[in-house]
Amino acid sequence: MSDDRNESGHPRVPIPPGLASALATAGRVFALTGAGVSAESGVPTFRDALTGLWARCDPLELATPSAFARQPKLVWDWYAARREALRDAAPNPGHRALVDIERRVPSFLLATQNVDGLHARAGSRSLVELHGNLARVRCSREGRVVDRWDEPVEGSTTPPRCPHCGAFLRPDVVWFEEALPAEALERADDAARHCDLMIVAGTSAEVYPAAELPRTARAAGARGVEVNPRGTPLTPMADFAIAVPAGLALPAFVAAAWPGHAAGPDGESPPSRAGGGAK
Ligand code: APR
């Protein structure tokens, strides 16, 4: 076994002193994730310099209500292509480590900015999707979620239409200039105000109101850990930082908090110590 591998053969990740016990003893843990957590599942981030979606596409042309009003088919097709690409993506060890944490702490909430559904697929249950979900489609006029739709046939110049009112269908995601789902934001804000430990993983923390949540938690007295290979505006105010990809960092964090119990990156989740109904 080399020095940069642990007993299970997984890469050794330095966990800052005091962090493991902060997780193991926390009563309430709140996690906020962003696109970086899905990077190791092959889902592109938004703001990474070469690989991020916004390095190749202009968000104002694709992710705003006015873009959809101007070019609905272009916007529909862009999201349809991302939805299609997700068929090949699977949750990674970072997603699964957050499930492990949910099962081990008395009270837990995960708020994600990701629309890829990978946290739910990994098994996260105490979960709010702040920016919606790419798998869902809704009516652009009445907001009603539609279960089935036909993709536009070749040569069509419009998105599919709502079977109830005939308006264009759109992805059920939050665009720039739009409000987040109120209930999701309220749950996240409440968790930020009442947590002992906040985990912020894989987000550039540039998009509000999600980026406000770690500040809210800090102002309320929580300790904070950031998991991100690069610095963000939050880095200077984090109590702990793990500057390692989330798929390595989060399983190592779990293993350090509960030595002898936590699974390796490919292993099973440990049994629960959390009581029911406290999520
Ligand atoms: N592990 C952890 N973090 C990573 C990894 C990884 N393997 N790979 C990249 N990152 C980090 C990057 O360093 C960056 O700080 O993830 C972050 C991704 O940032 P963004 O691309 O800005 O994604 P996010 O913060 O989720 O964006 C917020 O912006 O366009 C909108 O609606 C979109 O929800 C999205 C929101």
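Computed from a predicted structure; not experimentally measured. Read the numbers this way: they start at 1 and go in the same order the structure lists the ligands and their atoms. For reference, positions follow the sequence shown, starting with 1.
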Which atom pairs, one a donor and one an acceptor, fall under 3.5 Å between side chains of residues 30-40 and the rest of the protein, sequence neighbours left out?
| unit_1 | atom_1 | unit_2 | atom_2 | d |
| --- | --- | --- | --- | --- |
| Thr33 | OG1 | Thr112 | OG1 | 2.7 |
| Thr33 | OG1 | His119 | NE2 | 2.9 |
| Ser38 | OG | His95 | NE2 | 3.2 |
| Ser38 | OG | Asp116 | OD2 | 2.6 |
| Glu40 | OE1 | Ala246 | N | 3.4 |
| Glu40 | OE1 | Gly247 | N | 3.0 |
| Glu40 | OE2 | Gly247 | N | 3.2 |

| request: Evaluate the ring planes of Phe168 and Phe68, with Trp represented by its six-membered ring, and classify them as parallel (under 30°), tilted (30 to 60°) or perpendicular (over 60°). | output: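 Phe168 and Phe68: perpendicular rings.
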| task | Taking salt bridge (charged side-chain N to carboxylate O under 4.0 Å, His left out) as the test, write out the residues that go with Glu154, two or more places apart. | result |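 Once residues adjacent in sequence are excluded, Glu154 has no partner under the salt bridge (charged side-chain N to carboxylate O under 4.0 Å, His left out) criterion.
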| Can you list the residues that meet the salt bridge (charged side-chain N to carboxylate O under 4.0 Å, His left out) rule with Asp190, with sequence neighbours excluded? |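 Residues passing salt bridge (charged side-chain N to carboxylate O under 4.0 Å, His left out) with Asp190: none at all.
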| request: Before accepting this row, confirm whether a basic side-chain N of the pair Asp189/Arg193 lies closer than 4.0 Å to the acidic partner's carboxylate O. | output: yes
| Can you pull the residues with any heavy atom under 4.0 Å from ligand 1? |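 Residues Gly34, Ala35, Gly36, Ala39, Glu40, Thr45, Phe46, Arg47, Asp48, Trp54, Gln113, His131, Phe176, Gly202, Thr203, Ser204, Val207, Asn228, Pro229, Arg230, Pro245, Ala246 each place a heavy atom under 4.0 Å from ligand 1, listed by chain and number.
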| Pair Thr64, Glu177: side-chain N/O donor-acceptor within cut-off below 3.5 Å |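 Looking only at side-chain atoms, Glu177 and Thr64 do not form any donor-acceptor pair under 3.5 Å.
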